[in-house]
Amino acid sequence: MNFEFDNNIPIYIQLVEQLKIFIISGKIQPGERLLSVRELALQTKVNPNTMQKALIELENLKLIYTERTNGKFVTTDRKLIDKYKKQYADELSNKYFLSMLSIGFDNKKAIEYLKSLGGNK
Amino acid sequence: MDLVKCINVNKSFGNKQILKNVNLTIPRGKIIGLLGKNGTGKTTLIKLINDLLTISSGEILINGEKIGINSKKIISYLPERTYLDKSMTIDQVIEYFQDFYDNFDTKKARKLLKDLSLDTTLKLAKMSKGMQEKVQLVLVMSRKADLYILDEPLGGVDPATRDYILDTILTNFNDGASVIISTHLIADIERILDEVIFIDNGQIILQSDTDLLRTKENSSIDDIFRRMFKC
C-alpha cells in the first residue's frame with residue numbers, strides 16, 4: 001500500500017477514503033482479515049492513533065467489523081459494498097460532468113463525448 | 001495523570017527571558033510536534049524537562065513527580081547536538097548505553113543497526129552525518145521509555161534519511177509512550193503528528209489536535225504555521 005497524503009486534509013479522512021477504495025475495488029476482499037493497526041500504520045507511514053481513528057470510522061460505516069480476539073475483517077455484505085461503490089461512482093461521474101461543464105459541454109454533450117471515445121482507452 | 005505538566009514555567013538567562021509563563025500538558029500515547037522558529041525557546045524547554053537547565057520559576061512535573069532520577073529513567077532524549085565521543089565505535093557506544101540505562105534494549109538496537117547494514121566496529125567519526133544521526137536515533141529509540149524527546153531529529157539530513165528517521169520513530173515508540181519532536185521542518189513531519197504545540201517568543205501560542213486544526217483552518221499545519229509566524 002502506497003499512500004500519498006495531502007497535508008491540507010485531515011489524514012484520517014484520507015485514510016478512510018483510501019481504504020474504502022481498496023474495499024470497493026476488491027483489492028481487499030470481503031471477509032478478508034485486515035493487518036493490525038500497527039502494521040497498517042507502518043505500511044502507510046502514519047501514526048497508529050490516526051489509523052485507529054480511520055478504522056473506527058470504517059467500522060461506523062459497517063465496511064469492517066471487529067472479531068473480539070481475531071482482529072478486524074472486511075464486511076461480507078456485498079450489497080453494502082456495492083452501495084458504497086455506486087456512491088463513489090456517482091461522485092466521480094459528477095466530477096466529470098462538472099469539469100466538462102466548465103469547458104462548455106452540457107451533460108448530453110459530455111455523454112456523447114464519452115461515447116465517441118468508445119472504450120478505446 | 002499527565003505524563004508531563006509545565007506550570008507557569010519561566011526561564012531567564014541574565015536579563016533575557018527565554019520562556020514566559022509556559023503552561024502545558026503532554027498526554028500519554030501521542031506524537032507531539034513542538035514547532036517554532038529558530039530561537040523561540042524550543043530547545044530551552046526541552047532542556048528544562050531533561051533537567052539540563054534549571055527553572056527560574058514555576059514547576060515541571062513528570063508523572064506527577066518533580067524532575068529528578070525517576071524522570072531521567074523514563075525519558076529518552078535525543079539532543080540537537082551529539083554528546084557521544086566520536087572516537088568510539090558503534091559497539092562501544094552500545095555497551096555505553098547498556099551500562100547507563102537499565103531500560104536499554106540491546107537486542108533491539110543491534111537489530112535496527114543491522115537493518116542499516118552498518119559495520120559496528122566503525123568509529124562514529126568515520127561515518128557520514130546522516131549515518132551518525134541514524135545511529136543516535138536508534139540508540140535513543142531502543143530504550144523502553146515513557147517519553148521520547150527528539151530535538152530537531154531531521155536537521156541537516158537528506159530526504160531519504162528523513163523517511164528512515166520518521167519510520168524508525170513510528171515503529172519503535174512503546175505503546176502508551178509519547179514522543180515530542182521539536183522541529184521547524186513541519187511539512188516533512190506533520191503527517192505523523194497527533195498534536196502540535198506552537199511556540200513563539202518563549203510563549204505557547206497554541207496546542208491542538210493536528211487533524212482538528214487542519215479541518216478548522218482548511219489547510220496544512222505548515223501553511224498555518226507560516227501564516228501565523230510570518231517574518
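Just the heavy atoms: all of them, side chains too, but no hydrogens, waters or symmetry mates, feed the values below. Residue numbers start from 1 in every chain, and the chains themselves are labelled A, B, ... in the order their sequence lines are given, proteins ahead of strands.
Scored by the side chain to side chain contact (heavy atoms under 4.5 Å, CB included) test, A/K62 finds A/L80 as partners (sequence neighbours excluded). Listed by chain and residue number, nothing satisfies the ring pair (Phe, Tyr, Trp, His ring centres under 6.0 Å) test with A/Y88 (two or more places apart in sequence, or in another chain). By the side chain to side chain contact (heavy atoms under 4.5 Å, CB included) test, A/E67 pairs with A/Y65, A/N70, A/F73, sequence neighbours left out.
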Give me a line-by-line list of donor-acceptor atom pairs from chain A to chain B that are under 3.5 Å apart, or tell me none exist.
| from | atom 1 | to | atom 2 | distance (Å) |
| --- | --- | --- | --- | --- |
| A/N7 | O | B/R214 | NE | 2.9 |
| A/N7 | ND2 | B/A187 | O | 3.4 |
| A/N8 | OD1 | B/S220 | N | 2.9 |
| A/I11 | N | B/D211 | OD1 | 2.9 |
| A/I11 | N | B/D211 | OD2 | 3.4 |
| A/Y12 | N | B/D211 | OD2 | 3.2 |
| A/R38 | NH2 | B/F173 | O | 3.0 |
| A/R38 | NH2 | B/D175 | OD1 | 3.4 |
| A/K45 | O | B/R191 | NH1 | 2.2 |
| A/N47 | ND2 | B/I192 | O | 2.8 |
| A/N47 | ND2 | B/D194 | OD1 | 3.4 |
| A/N47 | ND2 | B/D194 | OD2 | 2.9 |
| A/N49 | ND2 | B/G29 | O | 2.7 |
| A/N49 | ND2 | B/D194 | OD1 | 3.3 |
| A/N49 | ND2 | B/D194 | OD2 | 2.8 |

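No part of A/I13 comes within reach of chain B, as not one of its non-hydrogen atoms sits under 4.5 angstrom from that chain. Only the backbone of B/L193 comes within contact range of chain A, judged by heavy atoms closer than 4.5 Å. Both the backbone and the side chain of A/I11 have a heavy atom closer than 4.5 Å to some heavy atom of chain B.
Rounding to the nearest 0.5 Å gives a distance of 8.5 Å between CD1 of B/I186 and CD1 of B/I221. In this structure, B/I75 CD1 and B/I180 CD1 are separated by 8.0 Å, a value rounded to the nearest 0.5 Å. To the nearest 0.5 Å, atom CG of residue B/L34 and atom CD1 of residue B/I197 are 6.0 Å apart.
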Audit row: B/F198, B/F229, ring pair (Phe, Tyr, Trp, His ring centres under 6.0 Å) steps and yes/no: CA-CA 10 Å; B/F198 284 3; B/F229 301 114; 5.8 Å; yes
